[in-house]
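Order of the sequence lines sets the chain letters (A, B, ...), proteins ahead of strands, with each chain counted from 1. Quick caveat, the model's predicted, so the values are computed rather than measured.
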Number of protein chains: 2
Amino acid sequence: MKNCTEKKSEHLNCSIRQILDRFGDKWSILIISTLGHVGKQRFNELNQQIGDISQKMLTVTLRSLEADGLISRTLYPEIPPRVEYELTDLGRSLLPHIEQLALWAEQHMETILKNREKYASQKVS
Amino acid sequence: MKNCTEKKSEHLNCSIRQILDRFGDKWSILIISTLGHVGKQRFNELNQQIGDISQKMLTVTLRSLEADGLISRTLYPEIPPRVEYELTDLGRSLLPHIEQLALWAEQHMETILKNREKYASQKVS
DNA sequence: CAGTATCCTAGAAGATACTG
DNA sequence: CAGTATCTTCTAGGATACTG
């Protein structure tokens with residue numbers, strides 16, 4: 001890993017590396033975005049909402065998001081137990097940027113896929 | 001993978017999955033951002049600029065970005081050969097959003113790291 | 001219900017050597 | 001210089017079974 005203090009000019013690169021480190025995994029962004037739309041939600045509700053996440057990864061990702069203060073976890077000590085997850089203010093502050101990226105995807109992903117096909121077919125010839 | 005056409009309400013989730021699929025790897029975003037700042041750049045220059053990327057991953061990532069039309073590759077058939085990489089308009093259109101995320105990281109990453117420490121120390125007790 | 005605890009695997013990424 | 005071509009490693013993530 002590059003030493004991020006070496007040059008002023010690398011501050012941006014360094015921030016990007018931090019973003020990738022934190023949110024470059026498979027589920028963090030998706031969970032934040034989901035909680036952003038539906039608001040408060042229980043473990044199994046999230047599980048179903050996302051659909052193709054394993055129980056393990058849901059647990060692991062929720063824990064790490066909680067550890068970083070991006071979501072809050074509230075346990076209601078009933079039987080059976082109820083646990084509700086919710087974005088914190090910090091987590092919510094990330095939402096607009098995620099939505100910007102999603103919007104960019106909506107606008108450009110079709111072009112990208114077409115480019116990709118064209119490139120692949122050129123490779124053949 | 002979820003079927004992204006099943007519900008209107010899942011369009012956003014779906015776009016986010018596309019973003020993660022395309023840019024969730026280790027180097028794409030970093031290369032785009034680097035080319036965004038320095039402009040046109042040669043293979044070995046990029047290699048040095050980034051510092052800790054392997055030759056293989058630089059090649060692989062540049063190829064996939066080129067295939068998707070996010071960067072352009074210009075070969076000058078000299079000896080020794082010279083190759084220059086540059087963002088396309090499509091690639092450049094992504095820059096502001098990357099910078100927004102980087103800015104968010106600059107503003108909040110310290111808090112996140114502190115939260116993480118606090119959480120870890122609570123775990124011990 | 002909301003998780004742990006294990007085991008296991010695919011594939012992303014790295015190291016190294018070679019080349020037009 | 002700007003790459004291939006192999007081989008290897010590593011770990012994120014998944015599958016499954018169990019539990020307070």
Side-chain angles (χ1 to χ4, degrees), chain A residues 1-2 16-17 19-32 34-35 38 40-68 71-86 119 122-124, chain B residues 1-2 16-17 19-32 34-35 38 40-68 71-86 119 122-124:
Chain A
M1 169 91 122
K2 291 193 87 172
I16 288 168
R17 283 168 190 267
I19 288 285
L20 289 172
D21 270 4
R22 181 58 192 87
F23 300 106
D25 68 307
K26 195 170 175 182
W27 300 112
S28 291
I29 299 267
L30 205 57
I31 288 176
I32 290 174
T34 302
L35 286 176
V38 301
K40 200 175 294 190
Q41 205 153 22
R42 302 177 63 169
F43 185 87
N44 275 351
E45 288 173 341
L46 270 173
N47 203 347
Q48 287 161 28
Q49 187 82 17
I50 295 177
D52 54 349
I53 189 172
S54 67
Q55 209 170 21
K56 175 191 160 186
M57 286 316 295
L58 183 54
T59 305
V60 166
T61 310
L62 285 171
R63 286 287 177 282
S64 73
L65 290 172
E66 186 199 358
D68 289 4
I71 66 174
S72 68
R73 175 181 185 274
T74 312
L75 165 68
Y76 299 89
E78 313 162 354
I79 294 181
R82 181 162 55 100
V83 178
E84 286 184 344
Y85 293 95
E86 190 176 12
Y119 187 88
Q122 285 169 358
K123 276 267 154 180
V124 177
Chain B
M1 169 94 122
K2 291 192 87 174
I16 288 168
R17 283 168 190 265
I19 288 284
L20 290 172
D21 269 5
R22 181 58 192 87
F23 301 106
D25 68 306
K26 195 169 176 183
W27 300 113
S28 291
I29 298 269
L30 206 57
I31 288 176
I32 289 174
T34 302
L35 286 177
V38 301
K40 202 175 291 193
Q41 206 154 21
R42 302 177 63 170
F43 185 88
N44 275 351
E45 289 173 341
L46 270 172
N47 202 347
Q48 287 162 27
Q49 188 82 16
I50 296 178
D52 55 349
I53 190 171
S54 68
Q55 210 171 19
K56 175 192 160 187
M57 287 316 296
L58 184 53
T59 304
V60 166
T61 311
L62 285 172
R63 286 288 176 280
S64 73
L65 291 172
E66 187 200 358
D68 289 4
I71 67 174
S72 68
R73 175 181 185 274
T74 312
L75 165 66
Y76 299 88
E78 314 162 353
I79 294 182
R82 181 161 58 98
V83 176
E84 286 184 344
Y85 293 94
E86 190 176 11
Y119 187 89
Q122 285 169 356
K123 277 268 151 179
V124 178

Can you tabulate the close N/O pairs, meaning under 3.5 Å, that link protein atoms to atoms of nucleotides 7-13 of chain C?
{"unit_1": "C:dA13", "atom_1": "OP1", "unit_2": "B:K26", "atom_2": "N", "d": "3.0"}
{"unit_1": "C:dA13", "atom_1": "N7", "unit_2": "B:K56", "atom_2": "NZ", "d": "3.2"}

Touch class at under 4.0 angstrom, heavy-atom based, for B:Y76 against every strand present: nothing

Leading and trailing nucleotides of DNA chain D with any atom under 4.0 Å from heavy atoms of chain A: D:dG13 to D:dG20

The answer to which of B:I53 and A:E84 contacts DNA chain C further toward the 5' end, by nearest nucleotide, is A:E84

Can you give me the dot-bracket string for DNA chain D, 5' to 3', counting Watson-Crick and G-U wobble pairs with both distances under 3.5 Å, using [ ] for crossing pairs and | for partners on another strand? ||||||||||||||||||||

So what does A:E78 touch, heavy atoms closer than 4.0 Å: a base, only the sugar-phosphate, or nothing? nothing

Between CG on residue B:L20 and CH2 on residue A:W27, distance to nearest 0.5 Å: 9.5 Å

B:Y85 vs B:E45 side-chain heavy atoms within contact, under 4.5 Å: no

Using a 6.0 Å cut-off, check whether atom CG of A:L75 has over 12 heavy atoms from anything other than its own residue. yes

Given B:S72, which of B:E86, B:E84, B:K40 fulfils the side chain to side chain contact (heavy atoms under 4.5 Å, CB included) condition? B:E86

Nearest 0.5 Å please: distance from the OG1 atom of A:T59 over to the CZ atom of A:F43. 3.5 Å

5'-most contact on DNA chain D: B:R63 or A:Q55, nearest heavy atom basis? B:R63

Does some side-chain heavy atom of B:I50 sit less than 4.5 Å from a side-chain heavy atom of B:D52? yes

CD1 of A:I19 to CG of B:L30, rounded to nearest 0.5 Å, is 12.5 Å

Quick check: closest heavy atoms across B:S64 and B:T61, and the distance to 0.1 Å? OG-O, 3.0 Å

